[in-house]
Student: 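Below is one structure. I have some questions about it.
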Amino acid sequence: MSDVSFDTLSVHQSLKNKNHFTSKATPIYQTSSFSFKNLDELESYFEGETPYLYTRYGNPNTDELGAAVAALESAESGVAASSGMSGILAGIVSVAKNGDHIVACDDLYGGTYHLLDTELKNFGIDVTFVSFANEQEIREAIRENTKLLYTETITNPFLRAENIEMLVSIAKEFNIATMVDNTFATPYVLQPYKEGVDLVVHSATKYLGGHSDVSAGVIVGSEELIQSVRQKIISLGANLSPFEAWLTCRGIKTLALRMEKQNNNAQYIADELKENANVQKVYFPKSVSEKGNGAVVTIELSPQCDIHTFFASLGWIKIVPSLGGVETSVSYPFGTSHRNLPPEAQEKLGINERVIRISIGIENPKEILAELISAIETSLI
Ligand SMILES: *Cc1c(COP(=O)(O)O)cnc(C)c1O
């Protein structure tokens with residue numbers, strides 16, 4: 001299937017799989033384990049001839065998801081995990097162990113920052129956080145025992161598009177692995193594996209699932225590295241359930257359609273809000289790829305707006321501390337994802353009580369804009 005476009009590939013992800021009694025949709029293999037008729041069959045599993053033994057080790061639905069995202073990222077292999085966070089953990093511990101060191105971007109998803117800054121340090125993996133906008137800071141942070149450079153392709157909530165080419169070239173020079181979180185961009189917008197990144201991870205909870213009804217993660221990379229990530233997922237018990245894998249695969253069938261619409265809507269909203277006198281700043285990346293710039297727009301309202309009134313005045317746009325669904329929603333970094341950061345760190349990043357992150361959905365763009373503008377006008381003090 002590698003000779004067809006992204007749009008076609010995202011719909012026909014399951015075609016290469018078995019025949020499933022000819023059912024058009026892949027059935028849900030809601031089973032904890034697989035049975036064997038005799039010991040020869042059992043033996044054939046261990047010789048790699050029969051694919052399944054026990055769902056924590058592998059299941060047709062989770063395999064379908066791993067393979068689908070690997071195909072969309074043009075990677076050799078992929079594996080599903082129970083959430084974005086467990087995917088991130090499994091990926092990191094596949095390349096770094098006790099005594100090793102990681103250089104990570106200082107502007108990461110809150111959960112990832114916490115994982116690196118507390119849990120991994122407790123396991124004896126040291127982490128230095130630096131601004132990845134600055135090549136010199138990255139170089140200076142690298143030590144003898146550095147095993148990994150870690151960042152996100154589009155950062156949250158200020159949507160800085162990272163320079164992946166620069167990252168890969170530093171990593172090659174020092175013989176260090178690279179891992180990036182491609183959740184905000186999705187493989188529709190960016191395919192970092194093609195640029196030489198070793199491991200690409202997704203919170204499939206967001207755009208890959210796309211309907212805010214599943215928690216899932218996926219990691220893709222080379223056959224060899226993914227084999228080791230798969231082993232970590234088995235040991236950590238971080239496998240995804242068959243039903244959630246199935247839901248995510250169903251979501252992926254419309255990924256190209258949704259992303260095209262959401263990216264266009266986001267571009268329109270960002271452009272329009274730049275013209276609004278009550279919006280002090282609009283954060284939206286430029287030229288991320290020819291497919292678009294993602295579908296999250298972050299704004300800072302002017303001091304003339306009362307932030308509580310703004311949030312209370314949104315009609316059908318809900319306040320949701322997540323992103324990536326088909327519905328437009330807003331989140332409040334100051335009160336959720338970034339609330340535990342010390343004030344200096346908030347100030348350095350640009351987080352304050354007037355910053356709002358908008359996850360743009362597939363609705364009519366003029367109606368999304370009207371809803372936002374109406375809430376802004378109601379909020380004027
Ligand atoms: C949501 C998110 C995660 C964590 O994913 P979960 O599926 O909630 O575990 C990691 N990285 C980014 C960029 C996210 O947006």
Student: Which atoms form the tightest heavy-atom contact between Ser331 and Pro321, and what is the distance?
Tutor: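 Answer, listing the atom of Ser331 first, then Pro321: CB-CA, 4.1 Å.
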Student: Apply salt bridge (Lys or Arg N to Asp or Glu O under 4.0 Å) to residues Glu162 and Arg160 and explain how you reach the verdict.
Tutor: CA-CA 6 Å; Glu162 293 289 21; Arg160 197 181 65 230; 2.9 Å; yes
Student: Treat each ILVMFWY residue as a node, draw an edge where side-chain heavy atoms are under 4.5 Å apart, and state whether Leu372 and Trp316 are in one component.
Tutor: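 In one cluster with Leu372: Trp316, yes.
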Student: Between Phe310 and Arg354, does the side chain to side chain contact (heavy atoms under 4.5 Å, CB included) criterion hold? Intermediate values first, please.
Tutor: CA-CA 10 Å; Phe310 170 81; Arg354 286 176 286 110; over 6 Å; no
Student: Looking only at side chains, do Glu363 and Thr328 share a donor and an acceptor under 3.5 Å apart?
Tutor: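 There is such a pair (donor and acceptor under 3.5 Å, judged by atom type) between the side chains of Glu363 and Thr328.
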Student: Heavy atoms only: give me the nearest Ser241-Thr62 pair and the separation to one decimal.
Tutor: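 Shortest heavy-atom contact: O-CG2, 4.3 Å.
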Student: Consider only side-chain N and O atoms of Asn352 and Gln346, and report whether a donor and an acceptor are under 3.5 Å apart.
Tutor: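 Absent: no donor and acceptor within the cut-off.
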Student: Kindly say whether Gly221 contributes a backbone atom to a donor-acceptor pair with the side chain of Glu76 at under 3.5 angstrom?
Tutor: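 It does not hold such a pair.
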Student: Going by the rule salt bridge (charged side-chain N to carboxylate O under 4.0 Å, His left out), which residues pair with Lys281 if we only count those two or more places apart in sequence or in a different chain?
Tutor: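 With sequence neighbours excluded, Lys281 shows a salt bridge (charged side-chain N to carboxylate O under 4.0 Å, His left out) to Glu300, given in chain and number order.
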Student: Would you check if the distance from the ring center of Phe34 to the ring center of Tyr54 is below 6.0 Å?
Tutor: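 No, the ring of Phe34 stays outside the 6.0 Å limit from the ring of Tyr54, centre to centre.
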Student: Considering non-hydrogen atoms only, spot the tightest contact between Gln191 and Ser74 and give its length.
Tutor: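 Closest approach of Gln191 to Ser74: OE1-OG, 4.3 Å.
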Student: Any side-chain to backbone donor/acceptor pair from Asn293 onto Ser287? Under 3.5 Å, distance only.
Tutor: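 Looks like yes, one N/O pair under 3.5 Å.
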Student: One pair to check against side-chain hydrogen bond (donor to acceptor under 3.5 Å, both in side chains): Glu224 and Ser222. What are the steps and the verdict?
Tutor: CA-CA 5 Å; Glu224 191 189 347; Ser222 68; 5.3 Å; no
Student: Taking all heavy atoms of Pro157 and all of Arg357, pick out the closest pair and write down the distance.
Tutor: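 It is CB-CD, 4.1 Å.
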Student: Would you give the length of the straight line joining atom CD1 of Ile142 to atom CD1 of Ile170, rounded to the nearest 0.5 angstrom?
Tutor: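 Spacing of CD1 (Ile142) from CD1 (Ile170) equals 6.0 Å.
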Student: What's the separation between atom CG in Asp107 and atom CG in Leu349, rounded to the nearest 0.5 Å?
Tutor: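 Between atom CG of Asp107 and atom CG of Leu349 there are 5.0 Å.
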Student: Going by ring-ring contact (aromatic ring centres under 6.0 Å, His included), name the pairs with one or both residues in residues 112-135, residues two or more places apart or in two chains.
Tutor: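 Residue pairs passing ring-ring contact (aromatic ring centres under 6.0 Å, His included), neighbours aside: Tyr113-Phe129.
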Student: Is there a chain of hydrophobic side chains (I, L, V, M, F, W, Y, each step under 4.5 Å between heavy atoms) that links Val4 to Met259?
Tutor: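 Val4 clusters together with Met259.
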Student: Would you mind listing every ring-ring contact (aromatic ring centres under 6.0 Å, His included) that reaches into residues 137-170, with sequence neighbours excluded?
Tutor: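 For residues 137-170, and leaving out neighbouring residues, the ring-ring contact (aromatic ring centres under 6.0 Å, His included) pairs sorted by first residue read Phe158-Tyr283.
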Student: Nearest 0.5 angstrom please: Asn61 CG to Tyr29 OH, how far?
Tutor: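 If I round to the nearest 0.5 Å, the distance is 7.5 Å.
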Student: Without hydrogens or angle criteria, can the side chains of Ser83 and Ser215 be said to hold a donor-acceptor pair below 3.5 Å?
Tutor: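 Distance-only check fails for Ser83 and Ser215.
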Student: Could you tell me which non-hydrogen atom of Glu223 sits nearest to which non-hydrogen atom of Ser77, and how far apart they are?
Tutor: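 Looking at all heavy atoms of both residues, the closest pair is OE2-OG, 3.7 Å.
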Student: Go through the side-chain N and O atoms of Ser329 and Glu327 and say whether any donor and acceptor fall under 3.5 Å apart.
Tutor: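 No, because no side-chain N or O of Ser329 sits under 3.5 Å from a partner of the opposite role on Glu327.
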Student: With a 4.5 Å cut-off on side-chain heavy-atom distances among I, L, V, M, F, W and Y, is there a chain of contacts connecting Val320 to Val330?
Tutor: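 Unlinked, Val320 and Val330 end up in two clusters.
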Student: Dump the intermediate steps for ring-ring contact (aromatic ring centres under 6.0 Å, His included) on Tyr45 and Tyr52, then the final yes or no.
Tutor: CA-CA 7 Å; Tyr45 169 80; Tyr52 301 112; 8.3 Å; no
Student: Got a donor-acceptor contact below 3.5 angstrom from the Thr112 side chain to the Leu108 backbone?
Tutor: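 No, because the side chain of Thr112 does not come within donor-acceptor range (under 3.5 Å) of the backbone of Leu108.
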Student: Extract all donor-acceptor atom pairs below 3.5 Å that involve side chains of residues 174-190 and protein atoms in other chains or at least two apart in sequence.
Tutor:
residue: Thr178; atom: OG1; partner: Asp198; partner atom: N; Å: 3.1
residue: Thr178; atom: OG1; partner: Asp198; partner atom: OD2; Å: 3.3
residue: Asp181; atom: OD1; partner: Thr183; partner atom: N; Å: 3.0
residue: Asp181; atom: OD1; partner: Thr183; partner atom: OG1; Å: 2.6
residue: Asn182; atom: OD1; partner: Thr153; partner atom: OG1; Å: 2.7
residue: Asn182; atom: ND2; partner: Glu73; partner atom: OE2; Å: 3.0
residue: Asn182; atom: ND2; partner: Leu190; partner atom: O; Å: 2.9
residue: Thr183; atom: OG1; partner: Ser203; partner atom: N; Å: 2.9
residue: Thr186; atom: OG1; partner: Tyr188; partner atom: N; Å: 3.1

Student: Pick out which of Asp7, Thr8, Asp3 makes a side chain to side chain donor-acceptor pair (under 3.5 Å) with Ser5.
Tutor: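 By the side chain to side chain donor-acceptor pair (under 3.5 Å) criterion, Ser5 pairs with just one of Asp7, Thr8, Asp3: Thr8.
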Student: Please say yes or no: joined through hydrophobic side-chain contacts below 4.5 Å, possibly via intermediate residues, are Ile138 and Ile125 part of one cluster?
Tutor: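 No.
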Student: Can you sort out the partners of Ser313 under side chain to side chain contact (heavy atoms under 4.5 Å, CB included), two or more places apart, ordered by chain and number?
Tutor: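 Here the qualifying residues are Thr309, Ala375, Thr378.
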Student: Compare every heavy atom of Ala161 with every heavy atom of Val288, then report the nearest pair and how far apart it is.
Tutor: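 Residues Val288 and Ala161, closest heavy atoms: CG2-CB, 4.0 Å.
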Student: Among the clusters formed by ILVMFWY side chains lying less than 4.5 Å apart, do Leu240 and Tyr57 turn up in the same one?
Tutor: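 Leu240 and Tyr57: separate clusters.
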Student: Examine distances only and state if a side-chain atom of Arg258 and a backbone atom of Tyr207 form a donor-acceptor pair shorter than 3.5 Å.
Tutor: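 Here the side-chain-to-backbone pair exists.
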Student: Salt-bridge test for Glu344 and Lys348: reply yes if a basic N is under 4.0 Å from a carboxylate O, no otherwise.
Tutor: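 Result for this pair is no, no salt bridge flagged.
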Student: Test of understanding: with side chain to side chain donor-acceptor pair (under 3.5 Å), list the residues that count as partners of Asp117, not counting sequence neighbours.
Tutor: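 With neighbours one apart ignored, the set is Lys121.
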Student: Any side-chain donor-acceptor pair under 3.5 Å between Gln136 and Glu140?
Tutor: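 Side-chain D/A pair, Gln136 to Glu140: present.
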